[in-house]
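For reference, the structure discussed in these notes is given below.
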Amino acid sequence: MNWILLVIAGLFEVGFASCLGKAKETTGITSNYWMGGFFVCLTISMILLYKATQTLPIGTAYAVWTGVGAVGTVLVGIFVFKEPSDFWRLFFLTTLIASIIGLKFVSH
């Protein structure tokens with residue numbers, strides 16, 4: 001169950017990073033709404049990360065949380081913010097995903 005919470009926490013990390021990107025693109029009240037989304041996602045992500053670390057090793061949990069967030073944020077960047085998706089970027093993204101899966105399998 002805590003692995004599921006950890007992945008969900010990572011997805012909320014993607015949410016707060018994406019909200020920062022949208023807040024940067026907007027102005028006025030719209031920017032404030034995106035910043036509100038940032039704080040909501042940040043809070044949920046931290047609470048879920050805390051809950052997951054009650055039974056998972058902190059080093060593994062943190063690495064998986066940031067890895068899920070990094071992979072998700074790169075994908076959002078590619079598909080939403082039209083960032084480049086060249087070979088090397090996708091190659092290293094794949095190695096990051098493999099590392100996250102590897103940590104899951106070697107953790108107790």
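Here the structure is a predicted model, which is why all the values come from computation and not from measurement.
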Q) Yes or no on side chain to side chain contact (heavy atoms under 4.5 Å, CB included) for Val106 and Thr60, after CA distance, side-chain angles and deciding distance? A) CA-CA 10 Å; Val106 300; Thr60 301; over 6 Å; no
[X] and [Y]: same hydrophobic cluster, using ILVMFWY side-chain contacts below 4.5 Å?
| X | Y | value |
| --- | --- | --- |
| Val71 | Phe105 | yes |
| Leu20 | Trp34 | no |
| Phe16 | Met35 | yes |
| Ile44 | Ile4 | yes |
| Phe38 | Leu49 | yes |

Would you check if the side chain of [X] reaches a backbone N or O of [Y] as a donor-acceptor pair within less than 3.5 Å?
| X | Y | answer |
| --- | --- | --- |
| Ser31 | Gly28 | no |
| Ser45 | Ala9 | yes |
| Thr30 | Thr26 | no |

Does some side-chain heavy atom of [Y] sit less than 4.5 Å from a side-chain heavy atom of [X]?
| X | Y | result |
| --- | --- | --- |
| Val74 | Phe92 | no |
| Arg89 | Ile78 | yes |
| Phe79 | Ser85 | no |
| Asn2 | Thr53 | no |

Q.
Parallel, tilted or perpendicular, judged at 30° and 60°: which one describes the rings of Tyr62 and Trp65?
A. tilted
(Q) So, using side-chain hydrogen bond (donor to acceptor under 3.5 Å, both in side chains) as the criterion, who are the partners of Tyr50 when residues are at least two apart? (A) Gln54
Q: Quick one: do Leu6 and Leu56 satisfy side chain to side chain contact (heavy atoms under 4.5 Å, CB included)? Show the steps, please.
A: CA-CA 9 Å; Leu6 188 59; Leu56 299 174; 4.0 Å; yes
Q | Nearest-0.5 Å distance that lies between atom CD in Glu13 and atom CD1 in Ile8 | A | 14.5 Å
Q | Distance in Å, Ile29 CD1 paired with Tyr33 OH, rounded so as to fall on 0.5 Å steps | A | 4.5 Å
(Q) Could you walk me through whether Val64 and Trp3 satisfy the side chain to side chain contact (heavy atoms under 4.5 Å, CB included) test, starting with their C-alpha distance in whole Å, then the side-chain angles of each, then the deciding distance to 0.1 Å, before giving a yes or no? (A) CA-CA 9 Å; Val64 170; Trp3 282 101; 3.9 Å; yes
Q: Please identify each residue that fulfils side-chain contact (heavy atoms from CB on, under 4.5 Å) with Val76, with sequence neighbours left out.
A: Val14, Ser18, Val80, Phe81
Q: Might you point out which heavy atoms bring Ile100 and Gly67 nearest each other, and give the distance in Å?
A: CD1-C, 3.2 Å
